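Right, one structure below, let's go through it.
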Amino acid sequence: MNLPHGFNTRSPVHWLAFGFGSGLSPKAPGTVGSLVALPLYLLFVHMHTVVYAAIVLAALLLGVWLCDRTARDLGVHDHGGIVWDEFVGMWIALFMVPADWVWIGVAFLLFRLLDILKPWPIKWADKKVAGGLGIMLDDVLAGIMAALCIQAILVLIN
């Protein structure tokens, strides 16, 4: 395994920021991180909406600190291996989505598409906001946009 310069294998902060190691994937670490977020989603998907939202908010706030700290340790603003932001963005994309594999797949595809293409305001946040908040914000926005698209689709088909 080829670890990034500055990655501390004994640091729980680095392991969390790197999505329990999923960010170490040599190909498409953001996509791998988004996939690894799904089993964790399955642990809290059936919780009350307020509890789910609280978990995601806590993960977001923790992520700002985790990502900032890890980026500083690595000496790279938004290292591709930092995927905690993908975890949180994925969980936002899945907020109030029917808990079946079709909708989970739709959320995954929409989130990845928006995260990769970065339409406005995602691209703006990615370029203009620094630190841990900047690392997290573009994925949070991609997650919100994906969730809104899914809710619109659900309204249209029901």
Side-chain angles (χ1 to χ4, degrees), residues 3-8 11-45 49 52-97 103-154:
L3 296 174
H5 175 73
F7 186 88
N8 181 347
S11 170
V13 171
H14 288 189
W15 282 109
L16 283 173
F18 271 66
F20 307 102
S22 62
L24 294 171
S25 171
K27 300 226 188 231
T31 300
V32 174
S34 298
L35 285 170
V36 171
L38 295 178
L40 293 169
Y41 160 78
L42 295 173
L43 292 175
F44 51 82
V45 63
T49 304
Y52 183 102
I55 290 169
V56 173
L57 179 61
L60 167 60
L61 296 174
L62 174 65
V64 170
W65 179 77
L66 285 173
C67 294
D68 185 66
R69 171 85 183 270
T70 302
R72 281 189 287 118
D73 290 348
L74 299 179
V76 178
H77 163 63
D78 191 358
H79 187 283
I82 296 174
V83 296
W84 186 259
D85 50 334
E86 270 81 9
F87 277 48
V88 174
M90 202 57 241
W91 297 335
I92 292 169
L94 289 161
F95 184 68
M96 295 180 61
V97 170
W103 290 107
I104 292 170
V106 169
F108 174 81
L109 291 173
L110 276 172
F111 172 68
R112 292 307 303 144
L113 184 68
L114 291 164
D115 188 31
I116 291 165
L117 295 178
K118 297 193 185 316
W120 186 90
I122 299 168
K123 184 176 220 149
W124 175 87
D126 187 49
K127 299 288 183 203
K128 299 292 184 183
V129 183
L133 180 61
I135 294 170
M136 293 295 298
L137 188 57
D138 66 310
D139 291 274
V140 167
L141 291 171
I144 290 169
M145 289 174 76
L148 290 173
C149 289
I150 293 168
Q151 292 309 314
I153 293 167
L154 288 169

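Note that the structure is predicted; figures quoted are calculated from it, not measured.
- Ala59 and Met136 get closest at one heavy-atom pair: O-CE, 4.5 Å.
- The aromatic rings of His79 and Phe18 lie tilted to each other, with the angle between the two planes from 30° to 60°.
- Exactly one residue among Ile135, Leu16, Asp68 makes a side-chain contact (heavy atoms from CB on, under 4.5 Å) with Ile82. That residue is Ile135.
- Residues that satisfy the side-chain contact (heavy atoms from CB on, under 4.5 Å) test with Leu137, not counting sequence neighbours, are Ala125, Val129, Leu141.
- Of all heavy-atom pairs between Thr70 and Ala17, the closest is OG1-CB, 3.2 Å.
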*Would Phe87 and Asp139 count as a side chain to side chain contact (heavy atoms under 4.5 Å, CB included) if you check the C-alpha gap in whole Å, the side-chain angles of each, and the deciding distance to 0.1 Å?*
CA-CA 9 Å; Phe87 277 48; Asp139 291 274; over 6 Å; no
Tell me which donor-acceptor pairs under 3.5 Å the side chains of residues 22-41 have, and how far apart each pair is, sequence neighbours excluded?
from: Ser22; atom 1: OG; to: Gly19; atom 2: O; distance (Å): 2.8
from: Ser25; atom 1: OG; to: Lys27; atom 2: N; distance (Å): 3.4
from: Ser25; atom 1: OG; to: Lys27; atom 2: O; distance (Å): 2.7
from: Thr31; atom 1: OG1; to: Arg112; atom 2: NE; distance (Å): 3.2
from: Thr31; atom 1: OG1; to: Arg112; atom 2: NH2; distance (Å): 3.4
from: Ser34; atom 1: OG; to: Gly30; atom 2: O; distance (Å): 2.9

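- Partners of Leu148 by side-chain contact (heavy atoms from CB on, under 4.5 Å), not counting sequence neighbours, listed by chain and number: Ile144.
- Of all heavy-atom pairs between Ala93 and Phe111, the closest is CB-CB, 4.0 Å.
- Residue pairs meeting the salt bridge (Lys or Arg N to Asp or Glu O under 4.0 Å) criterion with at least one partner in residues 117-127, sequence neighbours excluded, are Asp115-Lys118, Lys118-Asp138.
- Listed by chain and residue number, nothing satisfies the side-chain contact (heavy atoms from CB on, under 4.5 Å) test with Ala147 (two or more places apart in sequence, or in another chain).
- Among residues two or more places apart in sequence or in another chain, the side chain to side chain donor-acceptor pair (under 3.5 Å) test is passed with Arg69 by none.
- Using modelled atom types, one side-chain atom of His14 and one backbone atom of Asn8 make a donor-acceptor pair closer than 3.5 Å.
- The structure places CE of Met90 at 10.5 Å from CD1 of Ile92, a figure rounded to the nearest 0.5 Å.
- Not counting sequence neighbours, Asp78 has no partner by the side chain to side chain donor-acceptor pair (under 3.5 Å) test.
- Tyr52 is linked by a ring pair (Phe, Tyr, Trp, His ring centres under 6.0 Å) to Phe44, Phe95, counting only residues two or more places apart in sequence or in another chain.
- Heavy atoms only, all atoms of each residue included: Ala71 and His77 are closest at CB-O, 3.1 Å.
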*Under the side chain to side chain contact (heavy atoms under 4.5 Å, CB included) criterion, do Val45 and Leu94 qualify, and how do the steps go?*
CA-CA 9 Å; Val45 63; Leu94 289 161; over 6 Å; no
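- Scanning for side-chain contact (heavy atoms from CB on, under 4.5 Å) contacts around Ile150 gives Val97, Trp103, Val106, Ala107, Leu110, Leu154, with sequence neighbours left out.
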